Structure formats: C-alpha cells, structure tokens
Protein chains: 2
Amino acid sequence: MSDRFAHEACPLTEVLDRVAGKWSIGIIVAAAQGPIRFTELERTIAGISRRMLTLNLRRLERDGLLVRTVYPTVPPKVEYSLTPMAHELHATLSGLVGWAERHRAAITEARARYDEAVGGGVGVGTTAP
Amino acid sequence: MSDRFAHEACPLTEVLDRVAGKWSIGIIVAAAQGPIRFTELERTIAGISRRMLTLNLRRLERDGLLVRTVYPTVPPKVEYSLTPMAHELHATLSGLVGWAERHRAAITEARARYDEAVGGGVGVGTTAP
DNA sequence: CAGTATCCCATCTGATACTG
DNA sequence: CAGTATCAGATGGGATACTG
C-alpha cells in the first residue's frame with residue numbers, strides 16, 4: 001500500500017487497511033466463536049483459496065488480531081483465536097452485519113433501478129431546480 | 001464467486017463487497033457531514049485519484065448509498081449526499097473508527113514485534129521496499 | 001494437517017491528457 | 001468544475017502441485 005502521504009492523523013485509513021480485504025472480516029467472524037483450525041476456516045469461509053487464507057491469517061496475526069497456536073503433534077494441529085482487541089472489533093463488526101441484513105433488499109433494488117436507468121437512457125442522477 | 005456463501009443466509013459477503021474497497025468508507029465518512037462536491041471529496045480524501053473517486057462514487061450511487069445532484073450551472077456543480085440508509089451505515093462505521101483510534105498504538109506495536117520476530121519483515125504481508 | 005511455491009488472470013490504482 | 005479516456009504497473013485472488 002502507498003504510504004506516501006500522511007496516515008499520521010487519519011485513523012480511518014488505519015481501519016480501512018485492516019478491514020479492506022475481502023476475507024479479513026470473514027476470518028474474524030469465523031474465529032469469534034472460539035479457537036478454530038486452518039481446515040475449519042477453509043471450510044467455513046467457502047470460496048477462499050488456501051493461498052488467500054494463509055495470507056490473510058498472517059496479516060491478522062501480524063496486526064495482533066489473531067493468535068496462532070501450534071501443537072507439535074503428528075499430524076500437526078494449528079489453532080487460531082482472536083485476541084481481546086479482535087473480539088472488540090468483532091462486536092463492532094456485528095453492527096455492520098446487522099446493517100447489511102436490514103438493507104440488503106433495498107440495495108439490490110437500488111442496483112436494479114440504477115442499471116435500468118443507465119440502460120434506458122441518460123440522466124441517472126437528480127437534477128436540481 | 002462465493003454465491004454459495006451468500007445463499008447460506010450470509011449477509012457478510014454483502015457488507016464486504018460494499019465496504020471492501022479502499023475508498024468507499026472514506027467517501028461515506030466525508031459525505032456524512034452534508035452534501036459535498038466532487039473536488040471537495042478529492043481534496044478531503046487525499047491520495048485518491050480522480051479515476052478511483054469517480055468509480056467509487058458511481059458504485060455507491062448505484063447501491064443507493066449516495067445521491068448525486070447536478071446543478072445545471074456554468075461551471076457545473078455536482079453534490080453528493082448520503083441517503084438515510086447510508087447515514088445508518090455511517091453511524092455503524094463510527095464504531096469502527098472508534099475501535100481503530102483505541103487500538104492503533106497496540107496494532108503498530110504488534111506489527112513491529114511480529115516483524116522483528118520474523119526477522120526484518122520479509123515474507124509476510126510486509127511491504128518490502 | 002497445515003501450509004509453500006508457482007503460474008496466471010482479473011481487478012485496482014495512479015498519472016496524465018482531454019472534454020462538455 | 002466535473003468528469004471521461006487511456007495506458008501501464010501493482011496487487012489481489014484462484015487453482016493446484018508439492019512439502020515438513
């Protein structure tokens with residue numbers, strides 16, 4: 001990511017960078033119930049590739065949101081669990097999920113309307129008097 | 001893509017797709033105070049290119065989160081404002097920003113610790129120069 | 001089981017030039 | 001002012017074969 005300009009005063013960018021990915025939130029939600037293993041995550045998040053799962057796991061661990069615990073057994077067992085900080089984040093995220101649930105239909109409808117307006121002619125936006 | 005996930009009553013993917021971008025949230029927050037013009041957004045969000053601003057603006061408008069109002073004056077004037085639905089989203093987002101403010105230091109510290117443990121920050125999501 | 005390594009395409013992003 | 005057009009590079013993401 002381009003760190004060229006000041007992040008110093010903008011906590012917003014900080015959140016964004018952490019939550020931006022397509023998978024980060026999913027992983028956090030999946031791990032919120034308790035320690036979860038690699039394969040369980042892979043199965044739960046359905047659609048994520050092994051590569052992306054690993055990458056995101058590492059990033060979240062690096063940011064102090066996940067704790068990776070390795071059990072030196074054969075076969076190996078690794079568990080990921082949220083840190084307290086991440087649990088807090090998860091609580092906030094729940095609000096986001098709630099919002100999505102409430103407005104999903106409205107969004108779908110808005111999209112359809114927009115697409116039809118664009119396809120049917122010009123002038124998508126509102127024109128002020 | 002992850003249609004299976006969506007079918008499983010998972011609004012998560014819906015949120016993600018809407019919030020995933022690097023800029024969407026920034027735009028929503030910037031527009032939350034009231035109607036805002038294109039150039040103001042460009043200046044406020046610092047770092048966004050004209051192209052990305054336009055693209056994100058269109059997407060948010062399409063999803064029914066932004067209303068685009070064109071004033072047929074010379075020179076042209078266009079204002080973007082949040083819909084009620086987006087204002088709700090903004091309220092939720094505030095929680096996210098609050099979380100970031102509270103834990104920013106901890107995250108930075110965690111990263112530093114992780115990078116040192118790994119040995120210089122090579123090999124993870126690190127932006128290696 | 002829990003990853004790595006590798007190939008490859010899709011999308012994102014930035015810089016710049018141009019227009020109504 | 002508020003975009004659109006175009007190009008080129010960076011990054012994200014999927015598939016899969018391979019390893020400790």
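Residue numbering restarts at 1 for every chain, and letters A, B, ... go by the order of the sequence lines. For clarity, every value in this text was computed on a predicted model and none was experimentally measured.
Every residue two or more places apart in sequence or in another chain was checked for a salt bridge (Lys or Arg N to Asp or Glu O under 4.0 Å) with B:R51, and none qualifies. With sequence neighbours left out, B:R59 forms a salt bridge (Lys or Arg N to Asp or Glu O under 4.0 Å) with no residue at all.
At least one side-chain nitrogen or oxygen of B:R37 sits closer than 4.0 Å to the OP1 or OP2 atom of D:dA2. Taking side-chain N and O atoms only, A:T39 has a distance below 4.0 Å to OP1 or OP2 of C:dA2. B:K22 has no side-chain polar atom (N or O) that falls below the 4.0 Å cut-off from OP1 or OP2 of D:dG12.
Considering A:T83, A:L89, A:L82 as possible partners of A:M85, the one that fulfils the side chain to side chain contact (heavy atoms under 4.5 Å, CB included) test is A:T83.
Of the candidate nucleotides C:dT13, C:dA2, D:dC1, D:dC1 has the atom nearest to the side chain of B:P75. In this structure, the nucleotide among C:dA2, D:dC1, D:dG13 sitting nearest to the side chain of B:P76 is D:dC1.
Contacts classified as side-chain hydrogen bond (donor to acceptor under 3.5 Å, both in side chains) and involving residues 85-96 of chain B (residues at least two apart or in different chains) are given here: A:R102-B:E88, A:H103-B:E88. Note on residues 28-40 of chain A: no pairs pass side-chain hydrogen bond (donor to acceptor under 3.5 Å, both in side chains), not counting sequence neighbours.
When base pairs are accepted only as Watson-Crick or G-U wobble with both N-N or N-O distances under 3.5 Å, DNA chain D takes part in stems of 3 or more pairs at C:1-20 with D:1-20.
What separates CG of A:L55 from P of D:dG12 is a distance of 8 Å, to the nearest Å.
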Set out, line by line, the N/O atom pairs under 3.5 Å between protein and nucleotides 3-6 of chain D.
residue	atom	partner	partner atom	Å
D:dG3	OP1	B:R58	NH2	3.1
D:dG3	OP1	B:R68	NE	3.2
D:dG3	OP1	B:R68	NH2	2.7
D:dG3	OP1	B:Y80	OH	3.4
D:dG3	OP2	B:Y80	OH	2.6
D:dG3	O6	B:R50	NH1	3.1

